[in-house]
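First up is the structure itself, then whatever we jot down about it.
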Amino acid sequence: MRSIHIGLLGLGNVGQGVLRILSANASAIRDRIAARPVIKKILVRSLDKPREVEVDPALLTRDVDEVLSDPDIRVVVELIGGIEPARQYVLRALEAGKHVVTANKALLAECGEELFEVAARQGLDIYFEGSVAGGIPVLRALREGLASDRIDRVVGIVNGTSNYILDAMSRTGVSYARALADAQAAGFAEADPTLDVEGGDAAHKLALLTLVSVGVRVDPNAIPTEGITRVRPFDIRAADELGCVLKSLAIGDYRGEQPVVRVQTTFVPKSHVLAGVRGAYNAVAVSSEALGESMYYGKGAGMMPTGVAVVSDIIEVCRDIVGFTEGGPPPGAFRTIRGSAPGPLDALECENYLCVHVPNIPGVLGRVASCLGRHGVSIKRMNQDTPDAGEAIDMVIITERTAEAKVRAALAEVDAFEFSLAPTHRFRMLGEQPA
């Protein structure tokens, strides 16, 4: 039986998962592609590092040229992460005529235009199922299962760290700091969690979801992004009283000329399917014209879940090689893409949770309500605690569905009041849509 040689860049958590799956399912994989994928070389930082999987030492190398310059290697699997040197390695692999499989969302979100252009020129493909939502085959579903449909909207929980923290705060009432520390101790958060908790990781994934959904490339750095660091137990309790939970969502609306994309901490009704996504799990809800609503749910990270996605990509590229030996690989799905700046959020309409921090003095409530009214922000309900004399008030306001631009203008004025004690806590409520 024909062998297809593979070079692996990186043997960390996911890389070891790939080796485990290729070994455990070797017979089934051979039957599916009528060929035998063979790991020929593995780039590592340390030859002697203890690993959870047994690896033939002869496969290991610290010299990337042994992978990229080997003419027998047809597929390079990049699992080292980050932008550099991953970008240079992938470019070299493509220029050497090798297909690429990667789980590196940052690389593709930041440098995808360059990499896909080189792949197109070389007649090669880049597969990246593992880059979004771990083992959930959401990119394949969007690219293949919904290829005949028009995708209007995606709403997803795509960062397990943020979801783990918010879920812990909701279930146990702990502070953000305590939930983060617990997530770090459990291995769900990095020592420096900034990319996760400030929304950068989710923005990278949303850029790839947008690319696969509608063939539009957006700069992840231009995606409006809000993190979860300002969420307080007070907000968690307020959400519960309103029949909601707080979730960090990546949202893409594709019904207009420009994709309207954002990452935001959102009040999600408990009746919504995303409200029940617990711990470090991921989920993506998709709205499409013909199918309607569909949902993709599962483990969003880890050795085996992401390993499953990477091996699935290896199987697909091997099928291409076996099926098009003489004529070259088939045209890739992303050869013709257009770039676009994200559409403005100003016209989006939604209900809002506002928590205004003010002193307990006469006239404050009236001034805040009057300010909102002047800017066209209608109040649906209002509640305030009853502090002792001289203590500050947390005034909770739920607005009617209102355009984003009006809410922002009103809050800018409220926060500039001489009695304002802190910036207003504002979270959108799920259900936003273009005006």
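Sequential numbering from 1 along the given sequence is applied to the chain's residues.
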- request: Begin with the C-alpha distance, continue with both residues' side-chain angles, and end with the deciding distance and a verdict on salt bridge (charged side-chain N to carboxylate O under 4.0 Å, His left out) for D235 and R426.
  value: CA-CA 10 Å; D235 305 312; R426 180 267 182 111; over 6 Å; no
- request: Evaluate the criterion side chain to side chain donor-acceptor pair (under 3.5 Å) for residue pair E293 and S287; output intermediate values, then yes/no.
  value: CA-CA 5 Å; E293 303 295 322; S287 299; 2.8 Å; yes
message: Between E316 and I33, is the side-chain contact (heavy atoms from CB on, under 4.5 Å) condition met? List the steps.
response: CA-CA 8 Å; E316 288 303 307; I33 63 177; over 6 Å; no
Test log, rule side chain to side chain donor-acceptor pair (under 3.5 Å), inputs D394 and H357: CA-CA 5 Å; D394 277 330; H357 312 290; 2.6 Å; yes
field: Check against side-chain contact (heavy atoms from CB on, under 4.5 Å), K105 and D201
entry: CA-CA 8 Å; K105 68 267 183 182; D201 174 79; 2.6 Å; yes
field: CA sep, side-chain torsions, deciding dist, call: I42, L19, side-chain contact (heavy atoms from CB on, under 4.5 Å)
entry: CA-CA 11 Å; I42 305 172; L19 291 188; 4.1 Å; yes
- request: Carefully, step by step, assess T194 and D192 under the rule side chain to side chain donor-acceptor pair (under 3.5 Å).
  value: CA-CA 6 Å; T194 303; D192 180 0; 2.6 Å; yes
field: Residues L91, L115; criterion side-chain contact (heavy atoms from CB on, under 4.5 Å); working and verdict
entry: CA-CA 7 Å; L91 284 172; L115 299 178; 3.5 Å; yes
message: Before you tell me yes or no, could you show the steps for S162 and Y164 under side chain to side chain donor-acceptor pair (under 3.5 Å), namely the whole-Å CA-CA distance, both residues' side-chain angles and the distance that decides it to 0.1 Å?
response: CA-CA 5 Å; S162 292; Y164 183 94; over 6 Å; no
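Separating the CG atom in L139 from the OG atom in S131 is a distance of 5.0 Å, to the nearest 0.5 Å. Remark: R428 CZ to E351 CD distance equals 14.0 Å, nearest 0.5 Å. With values rounded to the nearest 0.5 angstrom, F234 atom CZ is found 10.0 Å from H425 atom NE2. In this structure, OG on S248 lies 6.5 Å from CD1 on I228, to the nearest 0.5 angstrom. How far CG of L43 is from CD1 of I80: 7.0 Å, rounded to the nearest 0.5 Å. One finds the CD1 atom of I361 at 8.5 Å from the CD1 atom of I393 (value rounded to the nearest 0.5 Å).
Using a distance-only test at 3.5 Å, with no hydrogens or angles considered, a donor-acceptor pair links the side chain of Q16 to the main chain of G12. Not one N or O on the side chain of N25 forms a donor-acceptor pair closer than 3.5 Å with the backbone of A28. A distance-only check finds a donor-acceptor pair linking the side chain of D313 to the backbone of F128 [under 3.5 Å]. In this structure, E78 contributes its side chain and A86 its backbone to no donor-acceptor pair below 3.5 Å. Checking side-chain atoms of S288 against main-chain N and O of A290 turns up no donor-acceptor pair under 3.5 Å. Although no hydrogens or angles enter the test, the distance criterion places no donor-acceptor pair under 3.5 Å between the side chain of Q264 and the main chain of L249. In terms of modelled atom types and a separation under 3.5 Å, the side chain of N163 and the main chain of V277 share a donor-acceptor contact. Side-chain atoms of R401 come within 3.5 Å of backbone atoms of E349 as a donor-acceptor pair (strictly under, hydrogens ignored). D149 contributes a side-chain N or O that, together with a main-chain N or O of L291, makes up a donor-acceptor pair within less than 3.5 Å. Not one N or O on the side chain of H375 forms a donor-acceptor pair closer than 3.5 Å with the backbone of V377.
Contact of the K41 side chain with the L8 side chain is not registered, since no non-hydrogen atoms from C-beta on lie closer than 4.5 Å. You'll find the side chain of T399 stays beyond 4.5 Å of the side chain of S378, heavy atoms only. Counting heavy atoms from C-beta on, the side chains of I165 and F188 never come closer than 4.5 Å. Using a 4.5 Å heavy-atom threshold, the side chains of V358 and L421 count as separate. A heavy-atom distance below 4.5 Å is found between the side chains of L11 and L60. With contacts defined as side-chain heavy-atom distances shorter than 4.5 Å, the pair T225/E198 does not qualify. Side-chain contact between P233 and V174 is absent, with no heavy atoms from C-beta onward closer than 4.5 Å. In this structure, C244 and H272 have side chains that are not in contact, with every pair of non-hydrogen atoms separated by 4.5 Å or more.
The pair R408-E404 meets the salt-bridge criterion, since a charged nitrogen lies less than 4.0 angstrom from a carboxylate oxygen. Taking the charged nitrogens against the carboxylate oxygens, R87 and E114 do have a contact shorter than 4.0 Å, which makes a salt bridge. Ion pairing of R367 with E413 is absent here, as no side-chain N (NZ or NE/NH1/NH2) approaches a carboxylate O to less than 4.0 Å. Electrostatic pairing of R20 and E52 counts as a salt bridge here, judged by a charged N lying under 4.0 Å from a carboxylate O. Note on R150 versus D152: salt bridge recorded, some NZ/NE/NH1/NH2 to OD/OE distance being below 4.0 Å. The pair R171-D240 fails the salt-bridge criterion, with no side-chain N (NZ, NE, NH1 or NH2) lying under 4.0 Å from an Asp/Glu carboxylate O.
Of all non-hydrogen atoms in M295 and A283, the two that sit nearest each other are CE-CB, 3.3 Å. Looking at every heavy atom in both residues, V138 comes nearest to A133 through CG1-CB, 4.2 Å. Residues A203 and I223 come closest through the heavy atom pair O-CD1, 3.5 Å. Considering every non-hydrogen atom in both K205 and N159, the closest pair reads NZ-CA, 4.4 Å. The minimum heavy-atom distance linking T306 with G134 is given by the pair OG1-CA, 3.7 Å. The shortest non-hydrogen separation linking A275 to P269 is CB-O, 3.3 Å.
A 6.0 Å sphere centred on CZ of R374 holds more than 12 heavy atoms belonging to other residues, nucleotides or ligands. Annotation: K299, atom NZ; neighbour count of heavy atoms from other residues, nucleotides and ligands within 6.0 Å does not exceed 12. In this structure, E190 places its CD atom where only 12 or fewer heavy-atom neighbours from other residues, nucleotides or ligands lie under 6.0 Å away. Remark: E84 CD is packed, more than 12 non-hydrogen atoms of other residues, nucleotides or ligands lying under 6.0 Å away.
A side-chain contact (heavy atoms from CB on, under 4.5 Å) with V261 is found for one member of L345, V216, T210 and no other, namely T210.
At least one test fails for R232 against the ring of Y176: distance under 6.0 Å to the centre or angle within 45° of the axis.
Ring pair Y281/Y297 is parallel by interplanar angle, where below 30° counts as parallel and above 60° as perpendicular.
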